[in-house]
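All ligand and atom numbering here is 1-based and tracks the order in the structure. It should be emphasised that the depicted structure is a prediction, and the values quoted were computed from it without experimental measurement.
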Amino acid sequence: MKMRQRSNRPWPALRTLALYTAMACMTTLVASTPACAAGDDNNVEWSGLFHDQGPLYDNHSEPTASQSVTLTLRAYKGDVTSANIKYYDKSDASFHWVAMHWASNDTTGTFDNWQGTVPASASQKHYRFQIADGTATAWYNAAGISAAEPSSGDFIIIPGFTTPNWMKNGVVYQIFPDRFYNGDTSNDVSNGQYTNAGCASEHHAWGTSVFPRHKGCRGMVFFGGDLAGIDDKLDYIRRTLGADILSLNPIFASPTNHKYDTTDYMRVDPAFGSNVLLQKLIRDMHRTVDGRRGRIVLDGVFNHSGDTNPWFDRYHQWPQVGAHESRSSPWYGFYTFQHWPDRYSTFGEAQFMPKLDYGAAGSAVRRQIYAGPRSVMQTYLKPPYGIDGWRLDVPQLIDAGGRNGSDAANHQIMREMRSAVTSVNANAEIIGEYWDDPAPWLDGGDQWDGAMNYNGFTQPVSEWLCGTDEKNQPARLTATGLDHWLRRARADVPRNAQETMTNFLGSHDTPRFATRCGGEIGKTRLALILQMTYIGTPTIYYGDEYGMSGDDDPDDRRTVDWALGTIDNSAVALTRKLIAIRRQYAALRIGSFMTLLTDDTNKLYSYGRFDASNRIAVALNNDSVTHTITVPVWQLSVANGSQLTDLISGTVYTVQNGQVSVSVNGHYGAILAQ
Ligand code: CA
């Protein structure tokens with residue numbers, strides 16, 4: 001289902017620049033300010049330039065239509081003679097210029113801060129900086145620094161677009177319910193309890209093979225995990241680990257263990273419990289633990305139903321007349337038949353997943369899934385349920401007439417879906433499953449809040465750490481390659497969407513991270529340090545916290561070994577410590593991100609996360625041997641003689657010559673905080 005090509009978003013044609021003159025310094029600055037007085041050597045020092053949309057450089061990360069946005073650009077003290085914001089405004093499809101003025105120095109006297117303000121309005125804007133030192137010019141945007149003016153990768157301002165703060169500040173724990181914990185053996189599916197598509201149900205003992213005894217029947221293997229089991233283990237999720245957002249793979253009635261073929265969206269599968277038990281799980285998850293209200297997100301499989309759904313009823317299981325049974329069925333229009341009843345649009349090649357036809361605006365399917373007050377999506381957002389968001393399964397494919405989405409109709413449906421969801425709960429999260437650049441669903445601020453970050457996290461991190469991509473195909477990134485990939489992926493989406501992208505090491509659709517990394521638990525530790533200090537919502541696929549292994553589906557859905565899922569396990573203890581660190585420091589969640597060092601020879605990577613309160617340097621060693629990492633913390637305006645504490649080990653370092661030298665074990669890291 002993955003598409004490998006990146007989308008090439010055309011950039012609005014550049015308009016002729018008529019009136020701009022490089023006089024910002026003369027016209028807006030007092031002549032004696034350092035920026036104007038010094039350094040006219042016709043050379044912009046690229047290594048001193050910095051801006052992102054963190055709190056020190058952008059005064060309104062989520063502006064309303066009436067809030068102007070003051071931007072700060074950093075340069076070496078005295079290096080720059082003028083700086084300008086050049087922004088494209090969608091309302092008039094034109095570029096506009098704002099001359100920046102010198103505003104301040106940093107506390108170490110190393111840098112100048114220049115400022116300019118983009119005026120308030122309701123329209124979306126994209127901006128880049130033009131920086132001059134005499135005759136030399138540099139350009140800076142989210143994609144990086146260049147001598148020539150860039151044509152893509154600008155920073156994005158979307159007035160009125162907000163993403164949930166609980167998602168920006170939370171940690172997700174994702175569970176495949178049949179495999180997590182069996183809290184109620186009375187609801188277990190037994191051998192041969194029922195058949196589906198020629199396969200008899202198979203009960204497997206906890207901890208045994210996930211592979212079916214009968215070939216081709218992998219969806220019919222059951223271990224007995226359920227909602228009662230998840231509820232029993234909330235203390236593990238919330239107190240042992242410290243995660244505060246629960247994300248469940250599908251839980252609605254379906255004949256398979258994965259339940260991506262829904263029989264009844266309005267009923268929790270009896271092998272998982274009941275709708276009453278779901279309400280209890282939501283209530284229990286919403287309890288405040290360590291000062292935080294917990295949250296719960298469900299998996300919405302709305303591109304297709306199951307063929308056992310009464311709307312379709314391929315096997316004549318229901319008294320109602322389904323679309324597969326009669327063209328007079330009230331639900332005939334819910335599906336797209338090329339030749340009734342045997343040829344119809346499906347998800348991929350899966351005949352048991354007939355594709356829903358969303359038809360035109362106001363269609364019955366749209367009302368049923370999201371638009372009506374009793375729709376599936378609205379029902380679970382409202383009392384007596386009150387979930388906090390939806391993860392959408394293959395939402396890019398949702399469409400009308402059997403077309404496979406990613407077109408204007410798909411985006412319109414996503415906009416309607418967002419309106420419906422936010423009409424019930426303005427603070428709800430919508431996460432799209434998408435494996436490539438999700439910008440078309442995020443860069444307007446009117447569809448999803450974030451996406452599963454296969455593209456901007458899982459794949460590049462796997463390639464750097466494991467030498468394979470997320471599907472375990474050989475692929476290797478250097479530290480420099482990783483840094484470039486991460487930057488480019490961040491540049492594709494608005495800042496507040498970056499902050500709610502789910503950053504996971506693996507999922508139910510990838511071979512396990514530990515398996516991709518050859519079973520080396522040290523790489524899991526290193527990956528956890530990166531995951532918990534990067535931009536986006538850390539998301540732990542159950543078992544990854546202790547290095548659960550397994551190949552691709554179904555082997556990535558093994559049962560939890562509760563002898564390993566315990567605080568006595570050093571990887572679990574590290575996960576707990578890292579989550580606590582992330583919770584303690586807002587800089588790690590919503591602070592700026594600055595690359596500090598890439599060393600491809602020694603496989604080292606270092607970056608800063610910082611805000612007004614804290615300056616943190618993360619240093620990662622992806623080699624198998626210990627290295628001394630010399631981190632240029634002067635880039636974070638950390639002064640000589642000051643001290644940084646490694647939040648993992650507790651070791652204190654003193655800054656000398658603008659640097660700290662940190663000895664980091666192989667496949668490990670340090671989180672150096674001031
Ligand atoms: Ca059970």
Examine the side chains of H214 and E202 and answer whether a donor and an acceptor come within less than 3.5 Å of each other.
no
Run through D178, D261, T308, N196 and flag the one making a side-chain hydrogen bond (donor to acceptor under 3.5 Å, both in side chains) with T256.
D261
Please check this pair: side chain of R557 against backbone of H508, looking for a donor-acceptor N/O pair closer than 3.5 Å.
yes
Sub-6.0 Å ring centroid separation between F302 and Y265:
yes
Do Y335 and F312 have ring centres separated by under 6.0 Å?
yes
Is [X] close enough that one of its N/O/S atoms sits under 3.0 Å from the Ca ion (ligand 1)?
X	value
N187	yes
N182	yes
A271	no

Identity of the N, O or S atom of [X] lying closest to the Ca ion (ligand 1):
X	value
D184	O
D226	OD2
D188	OD1

